[in-house]
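Shown next, in structure tokens, is the structure this report addresses.
The chains referred to below are lettered A, B, ... by the order of the sequence lines, with proteins before strands, and numbering in each begins at 1. This one's a predicted model, so the numbers in the text were calculated from it and none came from an experiment.
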Amino acid sequence: MLTLTHTVGGAECRIHIPESRHDLYGFEEFLAQGDKVLGFDTETTGLDVFTRGFQLRLAQFGNDREAWVLRSDLFGDAIARALQQPRMFVMHNAAYDLLVVDRHLGVTVEELGPHVFDTRILSHLLDPRAESEGGIGHSLKPLSAVYVDPEAPDTQGGLTAVFRSLGLTKATGWAGIDITNETYLRYAGLDTILVSRLFHEIGPLVRDVGLDHLSKFEHHLQLLLAIMQRRGMLLDVPYVETLRESLRVEAEQYRKAAARYGVENVNSTGQVAEALLAMGEELDERTPSGAAKVDKAVLLPLADLDLQWERLDVRAPNPLAEAVVRAKRAEKWATAYADAFLELADDAGRLHPFIGGLQARTARMSISRPPLQQLPSSDWVIRRAFVADPGHTIVAADFQAVEMRVLAALSGDETMKAAITDGLDLHSFTAERVFGPDFTKQHRKIAKAVGFGKVYGGGATTIARQTGADIEAVRRAITAYDDTFPGIKKYSRRLINRAEYGRKEVVTPSGRHLPLDRDRLYAATNYVVQSTARDLLAQAIVDAHDAGLGDGLLLPVHDELIAQAPADSAEEYVRELGRVMGSVFHGVQIASDPEVYGPSWGHGYGAA
DNA sequence: GTGTTAAGCGCC
DNA sequence: AAACGGCGCTTAACAC
């Protein structure tokens with residue numbers, strides 16, 4: 001047996017690496033020592049748990065000063081047995097390891113999940129900010145440096161350096177590094193010692209600030225999300241292959257068109273701007289760095305493709321602008337969606353996107369690899385790629401205007417609450433109050449934008465630019481809006497005042513503390529509203545499981561749940577799902593809209 | 001090669 | 001007085 005030593009937090013720690021079954025006696029003794037919680041971690045060949053070629057390589061257990069690093073190929077049974085003991089484990093980003101162990105050792109998420117603490121969840125509850133947002137972030141290294149030992153090793157970064165010295169890269173290293181490499185084994189073991197120590201440091205902090213209940217909820221939610229990820233979604237592979245080809249043909253056609261105007265690379269904003277200027281177009285808008293802006297909002301009017309606004313000039317539609325927009329769109333759809341889908345699908349044609357249950361600083365969930373929360377919704381062709389399992393139908397239920405309802409509920413504004421109770425269209429109601437009974441569609445659009453401005457903290461300038469409306473008209477609308485819904489302005493003011501004179505944070509009804517940036521206190525309203533809407537969706541996922549609807553859930557998308565159900569009972573299923581999503585929140589009805597889509601996700605967006 | 005920033009675009 | 005919130009991902013351009 002190989003035993004390494006390493007100093008962590010001033011204490012000498014031992015890392016044991018058994019080489020024969022005989023060495024496992026020591027492991028059994030270690031397990032019998034009576035630690036209430038053991039650190040656990042895995043080392044694998046990559047991130048794609050569900051795709052061919054993925055392997056579990058190491059599984060590590062550790063307490064505050066001793067770690068055991070077990071090779072999966074030699075000791076898979078011992079690892080599984082250890083995980084099946086009636087005790088708690090602590091992992092960092094447990095969703096990943098839970099799925100690895102489920103898929104490759106047969107210890108299921110259902111079995112192990114309830115016995116898991118996740119230091120990433122605890123970290124997010126203590127401070128949800130990423131490193132880039134001024135927080136500690138949620139990686140093991142910075143967390144260890146702050147809470148365990150400033151000198152704690154950078155195991156990930158350290159290994160990357162080892163990869164390089166061996167002629168491997170970040171992409172190839174995890175699979176390619178020799179399984180007996182000492183640094184690899186050392187760092188693998190250290191991670192469990194760090195996670196154990198981190199847990200012993202921040203676990204009590206979470207309890208002290210009264211977040212135990214929320215912590216429990218998030219751990220439970222994460223388990224349900226891991227099950228969702230394991231289930232995945234079925235991809236219509238032949239459809240995606242055909243789609244990819246046609247998107248590439250389209251992209252090529254418009255690239256050629258752009259080339260005729262001197263733009264060799266449609267993705268080069270510099271080239272596009274230069275060519276447009278040479279054609280006599282005026283580019284007034286600037287990017288933050290001062291370059292001419294040539295995004296879609298600029299190009300579409302030039303191409304006369306914007307149906308929203310009337311053209312103010314008499315210039316002919318610009319064919320280059322159109323070619324650039326269309327080429328970029330087709331290429332993006334082909335690459336970011338079609339290619340990614342095929343790349344990430346497992347052998348059975350299923351996709352298992354990462355579901356980050358507690359991702360944004362508002363706790364919003366995120367979905368990546370691939371980004372299924374961001375598929376085009378104006379066109380059904382991309383969503384059509386996802387189909388129900390045989391005999392099933394895709395359904396969905398979404399919250400109706402949930403952020404406005406949450407804002408009404410939290411602010412207690414009586415006028416808005418009454419409008420919601422009366423089942424009125426909020427934006428039309430607002431438009432009528434602001435512009436009078438003869439309000440137009442444009443008025444409703446401004447009213448809607450002002451409402452979003454309240455939620456997002458946006459000002460008159462932004463709303464004017466977004467709606468194309470006159471800035472003075474927008475200013476008047478905002479004033480009228482504030483007069484109509486005085487409670488909302490008061491509520492926002494209150495949140496900002498508190499942050500100005502007290503802690504720079506908002507606290508949501510669920511007890512989540514959301515730090516504010518000192519120069520962006522106006523974001524307070526958005527944070528608490530967005531976060532609360534997220535908590536309502538999270539609760540709906542838990543409730544759906546409790547109601548026996550969990551087996552059908554496929555994806556959360558901010559304010560909706562995508563699901564599938566046996567074709568002959570899809571209607572009942574989604575009606576039940578919609579019922580479960582409904583609630584009364586601070587006296588305001590949170591309603592949902594259940595809908596049967598059909599054989600594919602795209603059928604909810606016009607596919608036939 | 002790897003990493004970073006800027007610009008852009010998809011969603012809620 | 002004004003202030004657009006939250007993500008994931010791609011390409012270009014550049015630094016090391």
Next item on the list: May I have the distance from L166(A) (atom CG) to dG1(B) (atom C1'), rounded to whole angstrom?
Entry: 16 Å

Margin query: Given dC12(B), dC9(C), dG8(B), identify the nucleotide with an atom nearest to the side chain of Y456(A).
Written below: dC12(B)

Check: Which listed nucleotide (dG6(C), dC9(C), dG8(B)) is nearest to the side chain of Y527(A)?
Finding: dG6(C)

Notebook entry, point to check: Under 4.0 Å between a side-chain N/O of K454(A) and OP1 or OP2 of dG5(C), yes or no?
Noted result: no

Notebook entry, point to check: Counting any heavy atom closer than 4.0 Å, what does Q271(A) reach on the DNA or RNA strands: base, sugar-phosphate only, or nothing?
Noted result: nothing

Check: Strictly by modelled atom types, are S600(A) and H603(A) linked by a side-chain donor-acceptor pair under 3.5 Å?
Finding: yes

Next item on the list: Write down the distance between CD1 (I496(A)) and P (dA2(C)), rounded to a whole number of angstrom.
Entry: 14 Å

Check: In terms of side-chain heavy atoms of S377(A), which of dG8(B), dT2(B), dC11(B) is nearest?
Finding: dC11(B)

Check: Would one find a side-chain N or O of R520(A) under 4.0 angstrom from OP1 or OP2 of dG6(C)?
Finding: yes

Note to self: Below the 4.0 Å mark, does dG6(C) have OP1 or OP2 next to a side-chain nitrogen or oxygen of N526(A)?
What the structure shows: no

Item checked: Donor + acceptor pair across side chains of S510(A), D535(A) (<3.5 Å) -> yes

Next item on the list: Would you mind classifying the nucleic acid contact of K332(A) as base, sugar-phosphate or nothing, using non-hydrogen atoms under 4.0 angstrom?
Entry: base

Checklist line | Presence of T362(A) side-chain N/O under 4.0 Å of dG5(C) phosphate oxygens OP1/OP2 | finding: no

Note to self: Could you check whether any side-chain heavy atom of K489(A) comes within less than 4.5 Å of a side-chain heavy atom of D413(A), counting everything from C-beta outward?
What the structure shows: no

Notebook entry, point to check: Under 30°, 30 to 60°, or over 60°: which ring-plane class applies to F50(A) and H352(A), parallel, tilted or perpendicular?
Noted result: parallel

Check: Which part of the nucleic acid, if any, lies within contact of T525(A), taking any heavy atom under 4.0 Å across all strands shown: a base, the sugar-phosphate backbone alone, or nothing?
Finding: nothing

Next item on the list: Tell me whether the OP1 or OP2 atom of dA7(B) has a side-chain N or O from T269(A) closer than 4.0 Å.
Entry: no

Notebook entry, point to check: Which of these nucleotides, dA2(C), dC9(B), dC12(B), is closest to any side-chain atom of K328(A)?
Noted result: dC9(B)

Item checked: Whole-Å gap separating P (dG6(C)) and CD1 (I367(A)) -> 19 Å

Notebook entry, point to check: For Y522(A) and dA3(C), do the ring centres fall under 5.5 Å apart while the planes stay under 30° apart?
Noted result: no

Notebook entry, point to check: Do any side-chain nitrogens or oxygens of T169(A) fall under 4.0 Å of OP1 or OP2 in dT2(B)?
Noted result: yes

Next item on the list: Look up atom NZ in K445(A) and atom OG1 in T467(A), then write down how far apart they are to the nearest 0.5 Å.
Entry: 6.5 Å

Next item on the list: Starting at atom CG of L521(A), determine the distance to atom P of dG5(C), rounded to an integer number of angstrom.
Entry: 13 Å

Notebook entry, point to check: Going by distance alone, is a donor N or O of one side chain under 3.5 Å from an acceptor N or O of the other, for Y456(A) and T462(A)?
Noted result: no

Checklist line | Presence of S268(A) side-chain N/O under 4.0 Å of dA12(C) phosphate oxygens OP1/OP2 | finding: no

Check: Looking at K293(A), does any N or O in its side chain come under 4.0 Å of the phosphate oxygens OP1/OP2 on dG8(B)?
Finding: no

Next item on the list: Check the angle between the aromatic planes of F485(A) and Y481(A) and answer parallel, tilted or perpendicular using the 30° and 60° thresholds.
Entry: perpendicular

Margin query: Using whole Å, what does the distance between atom P of nucleotide dA7(B) and atom CG of L299(A) come to?
Written below: 15 Å

Check: Looking for any heavy atom pair under 4.0 Å, which part of the strands does Q359(A) touch: base, sugar-phosphate only, or nothing?
Finding: sugar-phosphate

Note to self: Can you say whether a donor on the side chain of R329(A) sits under 3.5 Å from an acceptor on the base of dC9(B), or the other way round?
What the structure shows: no

Margin query: Under 4.0 Å, heavy atoms only, any strand: does G459(A) hit a base, just the sugar-phosphate, or nothing?
Written below: sugar-phosphate

Notebook entry, point to check: Under 4.0 angstrom, heavy atoms only, what part of the nucleic acid is R286(A) near: base, sugar-phosphate, or nothing?
Noted result: nothing

Note to self: Does V455(A) reach a base, just sugar-phosphate, or nothing at all? Heavy atoms under 4.0 Å.
What the structure shows: nothing

Check: From dC12(B), dA7(B), dG10(B), pick the nucleotide closest to the side chain of Y337(A)?
Finding: dG10(B)

Next item on the list: Figure out the CG/C1' separation between L516(A) and dG6(C), and round it to whole Å.
Entry: 14 Å

Note to self: Counting only side-chain heavy atoms from C-beta out, which of dA12(C), dT11(C), dC12(B) sits nearest to T335(A)?
What the structure shows: dT11(C)

Next item on the list: May I have the distance from I355(A) (atom CD1) to dC12(B) (atom P), rounded to whole angstrom?
Entry: 17 Å

Next item on the list: Could you please name the option among dC12(B), dA7(B), dC7(C) that lies closest to any side-chain atom of A291(A)?
Entry: dA7(B)

Item checked: Atom-to-atom span, CG of N265(A) to C1' of dA13(C) - whole angstrom -> 11 Å

Next item on the list: Remember a base hit wins even if backbone is also touched, and classify S378(A) as base, sugar-phosphate or nothing at under 4.0 Å, heavy atoms.
Entry: sugar-phosphate

Item checked: Below 4.0 Å: OP1/OP2 of dC7(C) and any side-chain N or O of Q530(A) -> no

Note to self: By nearest heavy atom, map A336(A) and E403(A) onto DNA chain C; which one lands nearer the 5' end?
What the structure shows: E403(A)

Check: Distance only, no hydrogens: is a donor on one side chain within 3.5 Å (strictly under) of an acceptor on the other, for T335(A) and R248(A)?
Finding: yes

